[in-house]
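Beneath this line is the structure, given in structure tokens, with notes to follow.
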Amino acid sequence: MVVQFPAPKHKKGCEAMSKEVKAIIYARQSSGDDDVSASVEQQVKNCQQLARECGYCVVGIFRDLNISGKFYPDTPGANTICNFDMALRNWAASTSSMQIRFRQGLGEAFAMLKEIDFILLDDFTRLMRPLPNSYLEGYMKQELICNKVKLHCVKGGIADPNSFGDNIVSSLISMINANQLEIQRQKSKAALKKLKDDGYRPSGANMRGYRRIGKHKYEIVPKEADFIREAFAMGVANFSYMAICRKLSKKYGIHDLHYDTLIPIYQRPEYAGYCYNSEGELIESKCFGSIPIVTLSQFLQMKERLRNKRIHNHDRKHIYAFTGLCYCGYCGERMQIVSCNAMPHSLEAGCRLYYFGCVRNIYREHSRDCGKSRIRYSYPFPFGWRVPPERWPVTQKTLDSPRPPVPPDLYNIGLRESLLALIVKPLLEEQKRLLYGSSNLDVKINRLEQEKERIMSRQKTLANMFQRGSIPDEQFEQLSRDLKNSMEKIRSELLELTATACVDQKKVLEELKLQLHMLQAVKNVEDNLYKKHAQQLIERINIFAYHIEIFFRNGKSFILERIPRWGARIMPNWNFVMRRNKAYIKYYYKSFYQGDERERVLYDDKTMNIVAVGCNPRPKAWADSPSRRWNWRTQEISDTFPLESTGGQSFEDSHTE
Ligand SMILES: [Zn+2]
């Protein structure tokens with residue numbers, strides 16, 4: 001086979017005649033995914049700048065668009081060589097979409113080689129990016145050497161193929177490789193960012209609960225998903241992290257489960273079908289959006305729990321809702337849970353009874369009035385008697401009735417059951433958020449959209465002000481951080497609302513009604529949940545002998561009386577109704593059960609209205625009055641020891657004898 005290389009030609013004498021150095025500019029851009037470079041026009045601009053600086057006379061500008069640096073220039077010689085270039089042919093065959101092409105622009109540039117001194121490039125890789133063992137490199141080198149043309153690159157300086165001989169290729173290649181690496185790095189960084197912003201998972205690594213089955217494709221691993229589901233459910237129910245670890249590691253046989261492995265699980269929005277983009281905002285995930293394990297509400301609640309350090313939950317056997325909130329009204333000391341066994345013949349026989357007592361009274365002195373502030377935390381049988389919850393049966397009639405059920409009789413109620421009324425609203429709201437959508441959705445979404453617009457316009461104004469230099473740096477940073485935070489909050493609320501928009505509203509209401517009824521009837525809720533809401537709502541409770549003062553975290557307070565009954569001072573029973581997003585609570589005092597229905601407002605604000613029905617006897621009224629029990633006692637004594645005996649002597653008589 002005979003390969004005809006173009007014969008070397010000598011240059012015209014222009015170099016000697018004029019000092020002018022002639023140059024052409026060559027720019028190339030590749031469309032495919034093998035290359036990231038400045039745009040062709042930018043490359044040309046860079047080269048023109050270079051020419052101006054070095055005083056070159058630019059006699060031509062050549063461009064190749066959307067073509068790889070692996071291809072030959074469109075010259076007769078290159079056409080022939082290309083036919084024998086197996087490296088290039090194999091490569092083209094392996095990439096199905098690629099056909100062998102020729103670079104027109106470079107072909108035209110090579111036709112001018114004899115007239116010029118320099119080829120100006122943005123960087124070396126624009127000229128060629130040869131495949132290993134391809135003839136391209138040799139061909140180019142030969143053409144340049146024969147025509148005594150040097151390369152001048154904006155990034156890399158001057159390279160003279162003639163004087164460097166073989167070295168030029170190696171230095172070129174090393175430079176190309178270095179460039180290649182840097183470009184690759186930038187490219188992969190950009191690609192990762194794009195993936196993240198599009199809602200894909202940049203790393204293909206597995207996470208607990210999902211298995212990777214292909215590019216951006218995952219499937220649920222049922223057993224691990226159960227584990228994740230349970231972890232979230234327990235987390236939202238405010239179980240302590242230790243308790244969650246203990247239970248789950250036992251149930252699922254995971255030995256190394258502890259706080260540090262649990263927290264990252266709660267921080268993964270992927271489990272709810274969402275992910276973070278490069279700005280740290282929640283967006284819907286393309287990989288997990290269709291296969292979420294938990295709901296978005298659950299994820300957001302856990303995010304809130306992790307952020308809120310106040311509702312810390314120590315790993316205790318028993319959880320008391322008002323731990324750390326109760327204070328003795330007489331001395332101001334904190335009150336603590338104390339317990340004792342019930343009397344063997346009492347109705348509560350066999351139960352452990354829990355009280356809040358003043359620590360001063362428990363540990364130090366038994367003087368002052370501190371003993372009086374002692375209060376029963378809860379009654380094991382909520383109504384003092386072993387009353388089953390069927391007292392207030394759940395029927396359609398009771399559920400549909402607009403009026404809440406009224407307490408039928410005076411029952412023994414402790415602090416826990418009585419103050420439950422205060423947290424019914426947040427409790428129900430949480431339930432609503434968790435399981436179902438929210439009502440008047442459209443209005444809310446509109447409101448949030450408007451808020452979003454407002455914040456965006458404020459961000460713009462702020463940026464303008466900053467550009468004009470009318471606010472200092474620190475202030476700008478502070479303000480923009482604030483705006484970004486509120487924006488983030490609105491975005492997550494919007495997401496949650498739209499995620500729950502397709503829920504059956506009627507079913508939601510029915511379910512919530514049932515839950516409210518059960519709360520009123522049984523007056524019981526899980527300790528974890530109770531504590532979470534009580535601690536969020538209440539700042540402090542001062543306890544006195546016949547009343548308690550409750551201070552809310554919003555600074556307001558109200559007074560609730562304790563009802564003297566037999567030897568105890570119990571708490572009033574209540575009912576609850578919700579109207580227009582406001583809770584109406586009625587506490588029933590003692591005289592209500594004798595038919596007294598006078599009402600007094602104890603507390604009123606935007607979210608809550610608390611009313612007392614009836615009134616209580618004044619302290620010790622019972623002891624002062626000639627009550628039935630006294631009568632009965634004296635009766636009994638006089639029966640046993642008759643004062644005016646019919647037979648025998650009187651007591652006095654026998655003494656005086
Ligand atoms: Zn005290």
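One-based numbering, in listed order, for ligands and for the atoms of each. Because only heavy atoms are used, hydrogens play no part in the values below, and waters and symmetry mates are left out as well, while side chains stay in.
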Under a 3.5 Å cutoff, is there a donor and acceptor pairing between the side chains of Glu561 and Asn616?
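A pair is found: one side chain offers a donor N or O, the other an acceptor, under 3.5 Å apart.
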
Tell me, which protein N/O/S atoms are under 2.8 Å away from the Zn ion (ligand 1)?
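Only Cys328 SG, Cys331 SG, Cys358 SG, Cys370 SG fall inside 2.8 Å of the Zn ion (ligand 1).
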
Please determine whether a side-chain nitrogen of the Lys or Arg among Asp596 and Lys590 lies less than 4.0 Å from a carboxylate oxygen of the Asp or Glu.
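Salt bridge between Asp596 and Lys590, a charged N being under 4.0 Å from a carboxylate O: no.
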
Look at the side chain of Lys582 and the backbone N and O of Asp605, then say whether any donor-acceptor pair between them is shorter than 3.5 Å.
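Answer holds: yes.
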
Considering residues at least two apart in sequence or located in another chain, which fulfil the side-chain hydrogen bond (donor to acceptor under 3.5 Å, both in side chains) criterion with Tyr355?
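side-chain hydrogen bond (donor to acceptor under 3.5 Å, both in side chains) list for Tyr355, sorted by chain: Arg376.
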
What I'd like to find out is whether the side chain of Tyr587 reaches to under 4.5 Å of the side chain of Val611, using heavy atoms alone.
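They are not in contact (no side-chain heavy atoms under 4.5 Å apart), so the answer is no.
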
Does atom CZ (Arg540) have a neighbourhood of more than 12 heavy atoms from anything else shown, all under 6.0 Å?
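Atom CZ in Arg540 is crowded, with more than 12 foreign heavy atoms closer than 6.0 Å.
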
